[in-house]
Amino acid sequence: MKYKILLVEDNAASLRVLKRIIGKINLDVAVATSLTEAKLIFEQSTPESFLCAVVDYTLPDAPHGEAIDFAIQSYMPVIVLTSQSDEDVRNRILSKAVVDYIPKQNRQVFEYLSRLLIRLQKNKQVGVLVVGKRPSSRNKVCELLNRHNFETYQENNTLSAVNSLYNNKQIKLVITENELQDESGIELVAAIRKEFSKEELSIIGTSNLSNPALLAKFIKSGANDYLRVPYCHEEFFCRVLQNIEHIEQIELIRKTANMDYLTGLPNRRHFFEEVTTQMHRGLESMCLALLDLDHFKKINDTYGHDCGDAMLKEVAKLMKKHFSEFSMSRFGGEEFCVFFPNTTLEQAKQKLDVFRTQVESKKIRRKRQSIGCTVSIGVTSKLAEKVETMLSHADECLYKAKSLGRNQIVCYISK
Ligand SMILES: Nc1nc2c(ncn2[C@@H]2O[C@H](COP(=O)(O)OP(=O)(O)OP(=O)(O)O)[C@@H](O)[C@H]2O)c(=O)[nH]1
């Protein structure tokens, strides 16, 4: 779903910059130059289509931030723009349930707005679990998080909190008090860390000023960060975002490390890890296939390396289409691999043959020419303890498929 921003601003120069920035991040924009116009636009739209409202503090028919109240009452997250720099206005804005306020000082602040809007969009897919004994204090934290579009979950004890983490994989952050219904927050942190590492889930422990030693205990038990209560909203959001971005960066690094750059398929290392884990579960049947494009060097030599790359990408697309439910990989060069757990040789062979004919009929266009290729496949169903053993059996078959004329499947026969 493409979200919309309700932009309420009467200054023509600011409007131009803001529209450009919002367009650049692929969001639609509905512009109002007054509070009256904003109300009209909102009445005529679907409320859920708005990601948030970006509102100027001073408008011709709303000189004291009345447009902010309208957006809040309409359940839209609100970002406030203001050219007034006095502390009084800042405090007045921050006393309302806004996402943030942006002083219109220089071009950099518009970059900040752009990052904030991207974040608000991403937050819709990020879960935060809030744990504490009292519903009133949990609700307060959730209200702050909902303002930033986070999906929130609440629990009051250790067992249900850990269960909630298992059931809701989108949770990336836990915010916990020390006082819970059963055990303490410290014990909850320790219990979570038995199952979830610091790299996959962040934890922030909270504590009031009367117990400063608690904060160090939280960190020593495995929390990533802490917050002293009462906190100011700006600090709260800075810490929440910092922790979530940390988890997202690790996710990205992990994804990049496991992926083949050209085709986006899992790489050899990741394939080995995945298949070894599956084999250790003790499967009753399994097959492994090695697939190698035929005379690929000729494509590179005749049409250039770019054309070879394009062909590899097309074959990878077909791999994703046909084998997405299995472990697969670009093994290197023009060689691919698929592992089929709980699959008989006949079933694997059938799937591989459909794939083989699809590769044969796939053509790419270069300089008005239609270029195609074929694939040879070696497959084994002989059970083995190690991936390497199955690979060596499949490789023997692949060699045979090449020597028998290519574009065919050869199956391993036990000696
Ligand atoms: N375009 C492109 N070519 C690659 C890539 N990786 C390996 N190759 C090329 O793939 C070709 C593989 O050639 P060979 O091993 O001789 O195999 P072949 O020509 O497919 O012949 P057979 O396997 O015997 O059918 C070489 O020319 C490599 O340079 C890549 O990422 N992109």
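Values below: all heavy atoms of this structure, side chains included; hydrogens, waters and symmetry mates excluded. Read the numbers this way: they start at 1 and go in the same order the structure lists the ligands and their atoms.
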Salt bridge present between [X] and [Y] (N-O < 4.0 angstrom):
X      : Y      : value
Glu43  : Lys39  : no
Glu111 : Arg115 : no
Lys4   : Asp28  : no
Glu143 : Arg147 : yes
Lys363 : Glu314 : no
Lys104 : Glu9   : yes

Using a strict cut-off of 4.0 Å, indicate which atoms of ligand 1 neighbour a heavy atom of [X].
X      : result
Gly308 : 1 (N)
Gly333 : 6 (N), 7 (C)
Arg406 : 22 (P), 24 (O), 25 (O)
Leu293 : 20 (O), 23 (O), 25 (O)

Nearest neighbour of atom 32 (N) of ligand 1 from the list Asp294, Asp309, Asp292, Thr263, on a heavy-atom basis | Asp309
Looking only at non-hydrogen atoms, the one of Asn300, Asn407, Asp306 nearest atom 1 (N) of ligand 1 is Asn300
Student check: side-chain heavy atoms of Ile244 and Arg119 closer than 4.5 Å | yes
Where is the nearest protein heavy atom to [atom]: which residue, which atom, and how far?
atom                    : answer
atom 18 (P) of ligand 1 : Phe296 N, 3.4 Å
atom 21 (O) of ligand 1 : His295 N, 3.6 Å
atom 14 (P) of ligand 1 : Glu334 OE2, 4.1 Å
atom 13 (O) of ligand 1 : Lys297 CB, 3.7 Å
atom 31 (O) of ligand 1 : Arg330 NH2, 2.8 Å

Close approach of Glu335 to ligand 1, heavy atoms, under 4.0 angstrom | no
So, do Tyr226 and Phe218 have ring centers that fall under 6.0 Å from each other?
-> no
What about Phe331 and Phe336, are their ring centers closer than 6.0 Å?
-> no
Sub-3.5 Å N/O-N/O distance, Leu312 and ligand 1 = no
Considering distance alone, does some N or O of Lys298 sit under 3.5 Å from an N or O of ligand 1?
-> no
Lys402, portion touching ligand 1 at heavy-atom distance under 4.0 Å | side chain
Just checking, Lys382 and Tyr412: is the charged tip under 6.0 Å from the six-membered ring centre and within 45° of the axis?
-> no
